[in-house]
Amino acid sequence: MALVERRIGFLFGVFLVLLAFGAARASWLGLVRAPSLKRAAATQQKSDVVVPARRGAITDRSGVELAVSQPATTIAATPYLIKDAPRAAAALSDLLGLPEDELLRKLARRDTGFVYLARKVPAAKARRVQRLKLDGLEYIPEFRRVYPRDWMASQLLGSTGTDGQGLAGLEYALEDVVGGSNGERRLVKDALGKPIEVRDVKASEAGESVRLTVDADLQDRAETVLAEVGQQWRPKGATALVMDPRDGSILALANWPRVDANRPGAAPDYAQQDRAVASTYEPGSTFKAFTVAGALQDERVAPNTEFSLPQTIHVADRELRESHPRPWITGTTSDILKISSNVGAVEIGHRLGAERFDYWVRKFGFGKPTGVDLPGEESGIVLPLSNYSGSSMGNLPIGQGIAVTPIQMGVAYAAIANGGVLRPPHIVEAVGGVRRPLPRGHRILSASTAASLRTMLEGVLGPGGTASGAAIKGYKLAGKTGTAQKVDPRGGYSDSAYVASFVGFAPARAPKLLVAVMVDEPQGDIYGGSVAAPAWKKITSFALSYLKIAP
């Protein structure tokens, strides 16, 4: 009996010790460890999820969608809830188009409770994944940015990142407008990781829609023509700009090589550049129009002022010659533009003088951004007057020793076309359906000087002009060719690398359309009249008909 009682006492003591240990453990967990355990439980059972805002659509001026956001699903996993990782990886690989071994590595992880499997999966594909009914998967609603026209205006539109933010182009420049405001959603899960409560802490706000001044059909035509230029001349790159010179609206802005906007990473970096605003070049003979404009406005020359024009001219230690051999001739200011005489442009530059020449270069906006509502605009390079050498007035009046962007050239020629007003270009027409005010311009030439210059530039496309082949039947046109040597990185100018360009407007007497084409390093020919002018003619012919601009 005593033995039994001792055994019962021993067991009672053991149970008492265990009960005391349990009470102590409960007190430790409930009092000392409570805050940290609560945080751990909240981490495992509660999560705050960002609810992305829908980006606003970007359309052309007629409402054609160029960039839109479509519903998508991001698929994530809680690895420790995956019962059969190899089987799940094999099933998901086929549906998501991802390598099976990559998925298996993610699903087999035990160092994390959350891992992304695929971001922004199209809704239809995500629904097929959900039908697998795999435990441990999480489906997060998002939006994916889609460019319905694929290749159209890709450098202009830019791109967005994985998290939906704008990274380049208009997507970047308009982030504050189209980006919207993300919301926040709180999820409470059970022990198996399944949501049992969903509560929106903050509602998301969709971004505003944006309507551009760009016309999709004109953009498509410009890109098609540049593709033909690329095939024929195999250049390093090419740009075409179409504007309404009356208000500075950009109707098309095309770049070649083309880039698939839905797969921008497949293109090399240089192809993704919007060359119209981010690429500088020496303009060559297209710049002669501004040398003449300043001299006309300052009354140093008139359209019929005659010059004796030898084949060569010496400026300081340099000898300048014409691009093509010719005899000694007598020609007027108009003739100098018509045949693109280097000697004549230098003579006019001398009459203008270095100080006034520098004044007019800056008056036309060179050396500073145009103010266009596009990101990454370069200022170009203008030599300070104090740095002019003895030979500077031998090369600057003919467009050497100065660097410009295509958009600067378009804006400066628009000032000649519209009667003398320099106006910032713009590409955003309306935000959220509300029209943006037109940028203010300022007069830099008198209306009469601009009219005289337009008449003089008609000769370039007339018989004997450097772009006579660009004439369009029934229309009086005005413009200027350019053929510029590129700077050789080793010093001096290259003997093989050139930029061919043409800038012109129509109709010449009352311009409603301005088109500029720049071709970087064409192969097989180098001249603006034979490389850029035919492309200009194709774009302009289409635009005149499409916009119903009468002869």
Side-chain angles (χ1 to χ4, degrees), residues 58-64 66 153 156 170 173-174 177 210-219 221-222 239-254 274 276-277 289-290 293 363-366 368-374 377 405-447 449-451 453-454 457 475 477-479 503-517 536 539-540 542-550:
I58 300 176
T59 72
D60 85 335
R61 64 179 187 163
S62 300
V64 175
L66 302 177
L156 173 64
L170 284 170
L174 298 172
V177 174
V210 171
R211 186 172 72 245
L212 305 181
T213 58
V214 169
D215 185 286
D217 290 330
L218 283 174
Q219 179 74 24
R221 180 56 178 165
T239 298
L241 172 69
V242 183
M243 291 177 61
D244 185 336
R246 297 170 296 181
D247 62 7
S249 58
I250 297 173
L251 304 179
L253 197 161
D274 186 353
V277 296
F290 309 117
K363 192 74 170 175
F364 272 99
F366 298 107
K368 61 184 179 182
T370 64
V372 66
D373 41 2
L374 286 169
E377 183 183 11
T405 62
I407 194 77
Q408 285 178 329
M409 290 300 288
V411 169
Y413 267 89
I416 297 171
N418 69 27
V421 177
L422 189 72
R423 190 185 303 278
H426 66 282
I427 200 164
V428 177
E429 185 171 83
V431 174
V434 179
R435 203 174 183 86
R436 280 191 170 181
L438 289 176
R440 293 177 63 93
H442 62 279
R443 180 166 294 282
I444 59 172
L445 293 175
S446 67
T449 297
L453 197 54
R454 290 197 300 271
L457 290 171
Y475 289 89
L477 308 171
V503 187
F505 42 81
R509 303 298 169 86
K512 299 177 182 177
L513 179 71
L514 182 141
V515 179
V517 176
W536 180 91
I539 296 172
T540 304
F542 175 84
L544 288 170
S545 175
Y546 177 75
L547 298 174
K548 296 180 173 59
I549 298 175

Item to complete: Before giving the answer on side-chain contact (heavy atoms from CB on, under 4.5 Å), spell out for Arg454 and Phe505 the whole-Å C-alpha distance, their side-chain angles and the decisive distance to 0.1 Å.
Response: CA-CA 9 Å; Arg454 290 197 300 271; Phe505 42 81; 3.7 Å; yes

Practice prompt. Begin from the C-alpha positions of Ile539 and Val517 and carry the test side-chain contact (heavy atoms from CB on, under 4.5 Å) through to its verdict.
Written response: CA-CA 9 Å; Ile539 296 172; Val517 176; 4.2 Å; yes

Item to complete: Please assess Arg246 against Lys512 for the test side-chain contact (heavy atoms from CB on, under 4.5 Å), listing each intermediate value before the final yes or no.
Response: CA-CA 7 Å; Arg246 297 170 296 181; Lys512 299 177 182 177; 3.7 Å; yes

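In this structure, the side chains of Val210 and Thr59 stay at 4.5 Å or more apart for every pair of heavy atoms. A 4.5 Å side-chain heavy-atom check between Thr370 and Pro425 finds at least one atom pair inside the cut-off. Between Val431 and Val428, the closest side-chain pair of non-hydrogen atoms falls below 4.5 Å. Here the side chains of Leu547 and Leu218 are in contact, with some heavy-atom distance below 4.5 Å. With contacts defined as side-chain heavy-atom distances shorter than 4.5 Å, the pair Asp215/Tyr546 qualifies. With a 4.5 Å cut-off on side-chain heavy atoms, Asp244 and Leu514 do not count as touching.
Taken from CE in Met409 to CZ in Phe366, the straight-line distance is 5.0 Å, to the nearest 0.5 Å. Atoms CG and CG, from Asp247 and Asn418 in turn, are 9.5 Å apart once rounded to the nearest 0.5 Å. Between the CG atom of Leu477 and the OG1 atom of Thr540 there is a distance of 7.5 Å, given to the nearest 0.5 Å. Rounding to the nearest 0.5 angstrom, the gap separating the OG1 atom in Thr449 from the CD1 atom in Ile416 is 10.5 Å. Atoms OG and CG, on Ser249 and Leu438 in that order, are 8.0 Å from each other to the nearest 0.5 Å. Here the CG-CG distance, from Leu170 to Asp373, works out to 7.5 Å after rounding to the nearest 0.5 Å.
Nearest heavy-atom pair, Leu453 versus Ala289, reported as atom, atom and distance to 0.1 Å: CD2-O, 3.8 Å. Across all non-hydrogen atoms, the minimal contact from Leu544 to Ala506 is CD2-CB, 4.0 Å. Across every non-hydrogen atom of Pro406 and Leu241, the tightest pair is O-CD2, 4.0 Å. Of all non-hydrogen atoms in Ala252 and Ala222, the two that sit nearest each other are CB-CB, 4.5 Å. The two residues Pro245 and Ala417 come nearest to each other via the heavy atoms CB-CB, 3.9 Å. Residues Leu422 and Ala412 share a closest heavy-atom pair of CD1-CA, 4.2 Å.
No side-chain donor-acceptor contact under 3.5 Å links Thr405 and Glu377.
Partners of Arg443 under the side-chain hydrogen bond (donor to acceptor under 3.5 Å, both in side chains) rule, at least two apart in sequence or in another chain, do not exist in this structure.
Pairs passing the salt bridge (Lys or Arg N to Asp or Glu O under 4.0 Å) check and including a residue from residues 413-433, sequence neighbours excluded, read Arg211-Glu429, Glu429-Arg435. Pairs of residues two or more places apart, or lying in two chains, never qualify as ring pair (Phe, Tyr, Trp, His ring centres under 6.0 Å) while including a residue from residues 415-440.
Of the options Leu212, Val242, Asp217, a side chain to side chain contact (heavy atoms under 4.5 Å, CB included) to Leu251 is made by Val242 and by none of the others. With Leu156 as the partner, the side chain to side chain contact (heavy atoms under 4.5 Å, CB included) test is satisfied by one option alone out of Ile250, Leu66, Val277, Val214: Val214.
Using the six-membered ring where Trp is involved, Phe364 and Phe290 have ring planes that are tilted, between 30° and 60° apart.
A side-chain donor-acceptor contact under 3.5 Å links Trp536 to the backbone of Val515. Judged by distance alone, with hydrogens and angles left aside, the side-chain atoms of Tyr475 form a donor-acceptor pair with the main-chain N or O of Ile549 at under 3.5 Å.
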